[in-house]
Number of protein chains: 2
Amino acid sequence: MFARLCENGAVPRRINPEQRDRAVVEAAWRVLTRDGLTALSVRNVAAEAHLPPSSLRYTFPTQASVRERAVDTLVDRLRQRVAAIPEPPGGPRWAHAALLELLPLDDERRVEMEVTLALGAAAMTDPDLRSSFNSVNAVVREVCTSAAAALGSEGKVAVDHLHALIDGLAFHLVRRTHGESTEWALKVLDAYLPGGARFVAGWSDAPDESR
Amino acid sequence: MFARLCENGAVPRRINPEQRDRAVVEAAWRVLTRDGLTALSVRNVAAEAHLPPSSLRYTFPTQASVRERAVDTLVDRLRQRVAAIPEPPGGPRWAHAALLELLPLDDERRVEMEVTLALGAAAMTDPDLRSSFNSVNAVVREVCTSAAAALGSEGKVAVDHLHALIDGLAFHLVRRTHGESTEWALKVLDAYLPGGARFVAGWSDAPDESR
DNA sequence: CTCGTACTCGCACAGTCGTACGAAAACGAA
DNA sequence: TTCGTTTTCGTACGACTGTGCGAGTACGAG
């Protein structure tokens, strides 16, 4: 029966290859966020995943394939998180929740954002990676479009504005130190988004001296 | 008399060292925008500047010093461009002109933005570079603060919004291909900024199908 | 001229890079 | 068991990395 799955009568070994791939990609993310783009080498990723480099190269033949899978996983994770929002799609509560998924407000999203920035920079000069990376931007754009519509903001200009604002906020949030407050970003969204739910409870526009 | 300038009785040789440094930094920028962060090596920069690698290392002893000077030059250029704005500071026309200096609307500013993103990503994992890089963000923040004040927008939230919006627009502009129109970004600014001059002449908010 | 300093730069070392190759191991089929 | 295929991974090669060292050059001071 397994013979039907693997065309030459053989059976997959050891562990789930998907699981293995995921572990490698997560190792790549760790290397990327800890040591930066220049440290994203086959050997470093393999060591981080507790694998001999040659074993890694069986499933990831080239270093470019590691980068590519790292970007693809970025898209998967983001889509997954947005799809998991419990609120009914199309409503303002969904829009707020979806926009929050695009901001690095906790460790998980922060890591994703750091990876996005690092690989995004790499994609500027690597055509293959660039086409993969466009998918990331496309997802963000998609969410912004839906959110704008759900909040009653019509027109391309409004979507462009929201998209730029979200990416700008994410950009600034990820450049702050780990523990710092993220409330300022929520306040900006509160002040910009039309009506509906608020992110910061009981907040008035009074000036404050934080940061 | 030259002896007074060079403390040991010797005189600078060949060419102006400032000019030399500038040429090296520009070579580094070219390598960075053409081949990416991983290609920013001593040898590549030296080759781009038409210098033997060992000569480069006389003025730039380490590869880190090259990166650092590249970031510092980023700050210098930006400050210089903002200072060169002919409009009277504090007015809305100055504010508009200053904000435009922060967006990659021509080749010069586009290159600066590409370098900013690449080195910004590198600064995420390099503490030394990070402190240098904070100056870049500080200048942008400064200009946004002044511009918001000049346009009558008060409060930290308004500045945060403008800063995020500008960086977000710059982020999206630089990721488009060279020739593409940048008008959409100007329309967003037009729609957001209170009163005063307009970037896009004769523009109405009618929906358009560009992009 | 000679001398001393500022500067140039060829060369080499140790380390890391991506990748190819082939032997060994695992394991289902027979 | 033996065989065949998939998977693992040790080893090696050539290219490239940052950096140290020391010989060689340019050039003003004397």
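These values consider heavy atoms only, across backbone and side chains, with no hydrogens, waters or symmetry-generated copies. Chain letters run A, B, ... following the sequence lines, proteins first, then strands; residues in each count from 1.
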(request) Measure from the side chain of P52(A), starting at C-beta and using heavy atoms only, and say which of dT19(C), dT8(C), dG10(D) lies closest. (result) dG10(D)

(message) What's the closest nucleotide to the side chain of S55(B) if the choices are dT8(D), dG18(D), dC9(C)?
(response) dC9(C)

Under 4.0 angstrom between [X] side-chain N/O and [N] OP1 or OP2:
X	N	value
Y58(A)	dT8(D)	no
N44(B)	dC16(D)	no
R43(B)	dG10(C)	no
S41(B)	dT17(D)	yes
S54(B)	dC9(C)	no
R57(B)	dG20(D)	yes

(message) Does either side chain, that of S65(A) or that of E68(A), offer a donor lying less than 3.5 Å from an acceptor on the other one?
(response) no

(request) With heavy atoms under 4.0 Å as the rule, sort T59(A) into base, sugar-phosphate or nothing. (result) nothing

(request) May I ask you to decide if A46(B)'s main-chain N or O and H50(B)'s side chain share a donor-acceptor pair within less than 3.5 Å? (result) no

Atom-pair distance ([atom1] on [X]; [atom2] on [N]), nearest Å:
X	N	atom1	atom2	value
L40(B)	dC17(C)	CG	C1'	17 Å
L51(B)	dG10(C)	CG	P	11 Å
Q63(B)	dG15(C)	CD	C1'	15 Å
L56(A)	dT7(D)	CG	P	15 Å

(request) Can you see which heavy atom on E101(B) is nearest to which on L78(B), and at what distance? (result) O-CD1, 4.0 Å

(request) Identify the heavy atoms of L40(A) and A28(A) that sit nearest to each other, and give their distance. (result) CD1-O, 3.6 Å

